[in-house]
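Report on the following structure.
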Amino acid sequence: MCVSPCVVGHTEQVIDHSHCTSCWGYPKTECRFGWPLSPPNDLLFLVDSHRHKYKEHKHKDHKKDKEREKLKHGNGYKLQTAYTSSTGVAPPHVKCEPDDDFYHSPKHEKSLKRERDDDEDYDFKSKKVKTENDKKDKKRKQMEDIKPKKTKDKKGETADGKKKAKKEPEEKWKWWEEERYTDGVKWKFLEHKGPVFAPPYEPLPSKVNFYYDGKAMRLSPEAEEVATFFAKMLDHEYTTKDIFRKNFFKDWRKEMTSEEKAKITDLKKCNFSEMSDYFKAQSEARKAMSKEEKLKIKAENERLLQEYGFCIMDNHRERIANFRIEPPGLFRGRGDHPKMGMLKRRIRPKDIIVNCSKDSKHPQPPPGTKWKEVRHDNKVTWLVSWTENIQGSIKYIMLNPSSRIKGEKDWQKYETARRLKKCVDRIRTQYRDDWKSKEMRIRQRAVALYFIDKLALRAGNEKEEGETADTVGCCSLRVEHLKLYPENDGQEYVVEFDFLGKDSIRYYNKVPVEKRVFKNLQLFMENKEPDDDLFDRLNTSILNKHLQELMDGLTAKVFRTYNASITLQQQLKELTNVDENVPAKILSYNRANRAVAILCNHQRAPPKTFEKSMQNLQTKIEAKRDQLSDAKRELKSAKADAKVRKDEKSKKAVETKKKAVQRIEEQLMKLEVQATDREENKQIALGTSKLNYLDPRISVAWCKKWGIPVEKIYNKTQPHEVFFFSFFFSQIESNSDP
DNA sequence: TAGCGGACTTAGTAATCGATTC
DNA sequence: GAATCGATTACTAAGTCCGCTA
């Protein structure tokens, strides 16, 4: 038995599940007050650990928690699940294999077939593309030229007042029914118009001054442009950071004339405020533009999108994700990035490599310029690339997630995760065996894999020191990132993780581990300095090579996908209550989604307007409550009236009042659910897991089962639309019951 | 087999959109 | 019609992983 406090501090005796391979030490039980059992520090982690300077800890705010508790209990809506913390805290990892089995390969799994004749006969030439697509594209283009997209008003009219033409049912390209290319070929025909470059620099009006040491100073256009980058960020925290200022000043000086360089020697003496005010005024003016002016800009953007935002890949017009070249500016590295503030230089045609078919109409560089290179490499998916000057890495223009090329990859990802499900038990048995190995490298590999599996840690590639922020993943953990407690808060063998992960987001977690893991960790840490590697005989390449031997296509990252999806499925099963109405079920979905986001450590900065928006919602709730008591009072008096009068009219009045009460009660409940959901979501980002880790089939199957409109879960532009709306629906219906 | 570059996915935040309210 | 505010989209940084090279 162990004693484990729930998220608000109640203690409860529970059976020790730490050796249970089903729940991995997280027994699914609540404390006697209905709160989920969870290590108390999770709360600290969620409340305080957004993006951190390492070791800046804050402590749990009990008062806040109590307020949240009040909110939860006071909302009059009984929450049904184990995950009912109003802070959104859920056990950090819930990983029980569900009894029913949606997350498996479908019985009649269709292959990704591309129906076509022999490759050689298959004509991918642009000519054919035009004849096949011309009509549709032309029509679409004409339509879009006439009316800017999405500018209809409530009555379904376009911005120019014309009635919106009835939307034609769009023909979806069922790429998943077609055969995939082999040998790394990604496409056979690719045509596009190239990138859109950042607009040239427009010098400041002469009335807007830069001041040095209190005196107005005219800067050369080159120096002025870089100064404007700083001026535009003046209100941002970045400009207060020493590294940012140092890097900026160094790079800025490189753009100065020798006279400017001689004069401007101290950033503290630079005054950018007039420039900053000018940009703020411009921004305000943009907001205050007339409807017509705004429409004109919108139309121009739409024109650019139509011209440059699409390409033709293998007979299909596909949306490009980022057709605009990144404009110049100051580099905004995340966390304590040593290069923040450096000048990101302007990209010109001579920096650009274009990739397209030989037989396509090649994109033309702007007049008087040349591309760096025109390439015809159909084994890659990018259309345009350039090398950026900060890290020297390559940047790409690629297709939108709705494209075939991205969708296929996404699908493969989830199929690999489903294959992992079939052999995960064997893999777990093996790494548990390996904890006892005579070889240190095997023990390290096995413990690292246990963490990747149990805690959904990232692989943790090695990074070049001093080039980026100091962040780690599993394989690159250092001794200083872990603390071992043989006993902590009534639990045995507790490991405390505290490190900065991707994007310098803090990972803080205290978890009980199995005895052998604990003993191994002690061994790995023996005679090491805090900044030594925990796993000194391991790196991601060794780990992935091992995983590849265990299952074809298996890498560390597949565990994250698998565990995220299986957690969603299991949580949905656990949290969904048959008696609940649609909004309550959606709350359950969001809670399941939240459990995944917590598992994957997807955090966000609380929105700036969070407190205000919560307050607004509370005001609305109060008003609704008043309205409800009024309605109840009216019902009571109507009933009394009916008792005296005993006529039809008064009976009818009672019915009307009853209905009004019911309606208001429903409205109140909706608002309360909304408040709970929002509060729980304060610091958790759901989007990342939904977009990248959750097999859409699970969500769609759940929607189907409970009659929830899919649009409540995925908005229509989310990339999964193609695959779930058609193919998977039929698959789900014929195969399984989630 | 280590090291590195290249290609691609995953990630949080800023900017913009558009529905709602006054 | 303007203001407000949550939702959505755009942007781009920061990861993972693979394959080539010496």
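Proteins come first, then strands; the chains are lettered A, B, ... in the order of their sequence lines, and each starts at number 1.
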### Query
When all nucleic acid strands are considered with a 4.0 Å heavy-atom cut-off, which category describes A469(A): base, sugar-phosphate, or nothing?
nothing
### Task
Would you kindly check whether a donor in the side chain of K502(A) faces an acceptor in the base of dT10(B), or vice versa, at under 3.5 angstrom?
yes
## Note on the structure
In this structure, OG1 of T240(A) is separated from CE of M233(A) (nearest 0.5 Å) by 10.0 Å
## Note on the structure
Ranking dT10(B), dC8(B), dT12(C) by distance to the side chain of K409(A), first place goes to dC8(B)
### Summary
Taking dA14(B), dT12(C), dT10(B) as options, the one with an atom nearest any side-chain atom of P327(A) is dT12(C)
### Message
Rounded to whole Å, how long is the line connecting atom CZ of F279(A) with atom C1' of dA15(B)?
### Response
17 Å
### Result of checking M342(A), K246(A), R345(A) against D251(A) for side-chain contact (heavy atoms from CB on, under 4.5 Å)
M342(A)
### Task
State whether H236(A) places a side-chain N or O below 4.0 Å from either non-bridging phosphate oxygen (OP1 or OP2) of dA14(B).
yes
### Message
Please classify the nucleic acid contact of F331(A) as base, sugar-phosphate, or nothing, using heavy-atom distances under 4.0 Å.
### Response
sugar-phosphate
### Message
With a 6.0 Å cut-off on the ring centroids, do F323(A) and Y308(A) count as close?
### Response
no
### Task
Enter the distance from K280(A):NZ to E284(A):CD here, rounded to the nearest 0.5 Å.
10.0 Å
### Task
Please check the phosphate of dT9(B) (OP1 and OP2 only) for any side-chain N or O of K557(A) closer than 4.0 Å.
no
### Query
Does S393(A) have a side-chain nitrogen or oxygen under 4.0 Å from the phosphate oxygens OP1 or OP2 of dA14(C)?
no
#### Entry: Residues Q627(A), K624(A); criterion side chain to side chain donor-acceptor pair (under 3.5 Å); working and verdict
CA-CA 5 Å; Q627(A) 200 185 341; K624(A) 199 49 85 180; 3.1 Å; yes
### Query
Under 4.0 Å between a side-chain N/O of R319(A) and OP1 or OP2 of dA10(C), yes or no?
yes
### Query
With sugar-phosphate meaning primed atoms plus P, OP1 and OP2, does N461(A) contact a base, only sugar-phosphate, or nothing at under 4.0 Å between heavy atoms?
base
### Task
For the residue pair F331(A) and H337(A), categorise the inter-ring angle as parallel (less than 30°), tilted (30 to 60°) or perpendicular (more than 60°).
perpendicular
### Task
Quick one: label T471(A) by what it contacts on the DNA or RNA (base, sugar-phosphate, nothing), any heavy atom closer than 4.0 Å.
sugar-phosphate
#### Entry: 5′-ward residue of the pair E464(A)/V380(A) relative to DNA chain B
E464(A)
### Query
DNA chain B: S385(A) or I542(A), which has the more 5' nearest nucleotide?
I542(A)
### Query
Base, sugar-phosphate, or nothing for G473(A), non-hydrogen atoms under 4.0 angstrom?
nothing
### Query
Separation of E462(A) atom CD from dC17(C) atom C1', in whole Å?
13 Å
### Task
Between dG12(B), dG6(B), dC8(B), spot the one nearest the side chain of T688(A), thanks.
dG12(B)
### Query
Can you check whether R604(A) has a side-chain N or O nearer than 4.0 Å to OP1 or OP2 of dA11(B)?
no
### Distance, rounded to the nearest Å, where L691(A) contributes CG and dT9(C) contributes C1'
11 Å
### Message
I want to check one thing: is the phosphate of dA14(C), taken as OP1 and OP2, less than 4.0 Å away from some side-chain N or O of H337(A)?
### Response
yes
### Query
So what does K344(A) touch, heavy atoms closer than 4.0 Å: a base, only the sugar-phosphate, or nothing?
sugar-phosphate
### Query
Should T381(A) be listed as having a side-chain N or O under 4.0 Å from OP1 or OP2 of dC8(B)?
yes
### Message
Nearest whole Å is fine: how far is dT16(C) C1' from N539(A) CG?
### Response
13 Å
### Query
Tell me: NZ of K545(A) to C1' of dC17(C), nearest whole Å?
12 Å
### Message
Nearest whole Å is fine: how far is dG12(B) P from E237(A) CD?
### Response
18 Å
### Query
According to a strict under-4.0 Å criterion, is K406(A) in side-chain N/O contact with OP1 or OP2 of dT9(B)?
yes
### Message
If you compare every side-chain N and O of K298(A) against the phosphate oxygens of dG18(B) (OP1, OP2), does one of them come in below 4.0 Å?
### Response
yes
### Task
Respond yes when some side-chain nitrogen or oxygen of K463(A) is under 4.0 Å from OP1 or OP2 of dA14(C), and no when none is.
no
### Task
Give the rounded distance in Å between these two atoms: CZ of R286(A) and P of dC17(B).
11 Å
### Message
Can you see if the side chain of Q603(A) gets near the phosphate of dG12(B) - specifically, an N or O under 4.0 Å from OP1 or OP2?
### Response
no
### Query
Are K294(A) and dT16(B) close enough that a side-chain N or O sits under 4.0 Å from OP1 or OP2?
no
### Message
At 4.0 Å (heavy atoms only), tell me whether G392(A) reaches a base, stays on the sugar-phosphate, or touches nothing.
### Response
nothing
### Task
Begin with the C-alpha distance, continue with both residues' side-chain angles, and end with the deciding distance and a verdict on side chain to side chain donor-acceptor pair (under 3.5 Å) for N593(A) and S689(A).
CA-CA 8 Å; N593(A) 194 166; S689(A) 48; 3.1 Å; yes
### Task
May I ask you to evaluate whether K339(A) reaches the phosphate of dA13(C), defined as a side-chain N or O under 4.0 Å from OP1 or OP2?
no
### Message
From the set dC17(C), dC8(B), dG6(B), return the single nucleotide nearest to any side-chain atom of I394(A).
### Response
dG6(B)
### Rounded interatomic separation in angstrom, taking CG from L547(A) and C1' from dC17(C)
12 Å
### Mutual orientation of the aromatic rings belonging to F499(A) and F497(A) [parallel < 30°, tilted 30-60°, perpendicular > 60°]
perpendicular
### Message
With a 4.0 Å limit, can you tell me whether Y693(A) has a side-chain N or O closer than that to the phosphate oxygens OP1/OP2 of dA11(B)?
### Response
yes
